> 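Dropping a structure here in structure tokens format, bear with me for questions.
Whatever order the structure lists them in is the order used to number ligands and atoms, beginning at 1. Since this is a predicted model, take the numbers as computed values, not measurements.
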Amino acid sequence: MADQNPPYDVIVIGAGVAGIYQIKCLLDLGLRALVLEADEDLGGTWFRNRYPGARFDSESYTYGYSFSKEVLEEWHWKERFSSQPENLKYLNFVADKFDLRRHMQFNARVSAMTWSESERHWSLSLQNGDQFTSRFVITGVGVLSIPTLPKIEGMDTFKGESFHTYWWPDKTVPLKDKRVGIIGTGATGIQVIAEIADKVGELTVFQRRPNWSVPLNNSEISDAEMTEIRSRYDEIFETCELSQGGFDHLPDRRGFYNLTKEERREFWDELYDDRHGFALLIANFPEIFLDEQANQELSEYVADRIRQRVNDPNTAEKLIPKDHGFGMQRLPLETKYFEAYNRDNVSLVDITDTPLKCVTESGLKTTAAHYDLDLLIYATGFNAITGALDRIDIRGTNGQSLQKKWQEGPSTYHGVLTHGFPNMIMVAGPQSVSGSTNYPRAIETGVEWVTGLIKHAFDKGYTRLEAQTGAEAEWQEEVVQAQERMPFRQSKSWFTGYNSNVDGHGAGKIRYHAYWGGAPRYRSFLEQTTQATYDKIDLN
Ligand code: NA7
């Protein structure tokens, strides 16, 4: 017999972009709902990542929520690619506007949750010992929320300051005249390096593999421009809906080979110099992803642009990826990143040529030299997509562990449910499009679908829901096929679950942890499920 009345109908884990919208939808349904958030305040990614240079790579006006006309009317994005402090302000603005904060409990890290079949509820244990019980749990724990550090001998002996970018302190970190070292040249490292190069004494970049990176082309948004953007919001969100990645850019369908090489270069000059954000990636010819020769020609073009911007030819060559083509890993966007290497106080150390040996009390030692440092920054990435769920000891039917079920990679039904874990619903879960597209666009799709499912369950008086195993197997096949079609399927990137610092996620251990079939196709699967009245979900 189910627990007639657990204290909560729904507990949401995480008060980031997903959790904020999810709690609003649940409250609108009149449910007894609460958000548990591990951090001291709301904001998720934008609460935590306070490193210099942290900003959107999505156009700000495509990153904001679309669900409220009032929010769209009232909020003024100050920059085309807004920075972390402003983004955090925005999320607070939305939460305060709908009075959501009082439905959130902070400093509430969920460490375990256990399903009770007899009571049909989840028991959640917090790290501080508190306990909660809820009929349903919705996880909105983020896709890049578990930072990972390298395993280098002596890391704890360093006498200067050192931290992962995710843990950049909430205070001014003195940079002036400091000798700073940074490990990692992914999207984060590239933002930090460009931002601090002219603010530090010396900057040494320890690079294992370079990434392709192209100009963000950020600019301020004036009052007049914001008014114009507001008048186009419907159109902007429509484009995002059509776009595979949920962005305000659509591919150029003239046909790569229908243009001459010169025409293609001219077009790429325009995308590189005059357009913004991911334009060179997704407003480009689709062939650049599908055709090796097309990808190679574009890679050569971008390599030439790097050579034009970096004075020292040796350094330029080191900054040009040789092991993967353009767009085959998550593309970082930059503002004067390559020019940073023209400064006398910035140097690049190739740690593939001269690997890191150890951290010492006073700096970093490679096989070739010792580098004296005052500050050591780890921009070394995240245990992406499944990391935050793995960290909670989740026990489903018969005490089975989610971590164990997903040991070799996740398995889900549409990235929202996983068999054996009834009443646990994931927003932005593994194998959804939240890891593969413009995050908030995917979040809104997920939250709205999940809200519909919850409403259906409450309307009908169902107290238990679980995806059927066959449905999960079908989705697995779809996810695998979509990823296998992508040219980056073998890339050493968090896209495919690669992280050299996490056991079982190293090279060659491909994980199918995001859905790469595109946002429109993903949405059509969700819509079909709703139209079929959730026929692949056991509801009772
Ligand atoms: P990424 O993209 O995973 O980049 C991590 C970087 O750190 C990358 O350059 C790695 O080199 C480097 N790294 C990681 N571990 C080591 C060790 N052990 N030694 C040397 N170098 C290392 O993370 P980001 O934080 O930059 O970006 C994550 C996402 O956040 C991004 O896509 C945005 O969506 C926001 P490697 O390439 O593995 O050789």
> Write out the residue and atom name of the closest protein heavy atom to atom 30 (O) of ligand 1, then the distance separating them to 0.1 Å.
Leu144 CD1, 3.6 Å
> Identify the heavy atoms of Ser243 and Pro520 that sit nearest to each other, and give their distance.
O-CD, 3.7 Å
> Have a look at Ser145, Ala379, Ser493 and point out the one with the heavy atom closest to atom 6 (C) of ligand 1.
Ala379
> Counting from 1, what ligand 1 atoms have a heavy atom of Gly184 closer than 4.0 Å?
6 (C), 7 (O), 9 (O), 12 (C)
> Of all the non-hydrogen atoms in the protein, which one sits nearest to atom 38 (O) of ligand 1, and at what distance?
Arg208 NH2, 2.9 Å
> Nearest protein heavy atom to atom 3 (O) of ligand 1, by residue and atom, and its distance?
Gly381 CA, 3.8 Å
> Do Arg50 and Phe47 meet the cation-pi criteria used here (NZ or CZ under 6.0 Å from the six-membered ring centre, within 45° of the axis)?
yes
> What residue and atom, counting heavy atoms only, is the protein's closest point to atom 24 (P) of ligand 1, and at what distance?
Thr188 OG1, 3.3 Å
> Is Tyr498 near ligand 1, meaning one of its heavy atoms is under 4.0 Å from it?
yes
> Which of the atoms of ligand 1 are close to Pro150, meaning less than 4.0 Å from one of its heavy atoms?
17 (C), 18 (N)
> Under 4.0 Å from a heavy atom of Ile183: give me the atoms of ligand 1 that qualify, with their elements.
20 (C), 21 (N)
> Output the list of atoms in ligand 1 that are nearer than 4.0 Å to some heavy atom of Ile351, sorted by atom number.
20 (C)
> Considering the heavy atoms of Arg330, write down every atom of ligand 1 situated less than 4.0 Å from one of them.
31 (C), 32 (O), 33 (C), 34 (O)
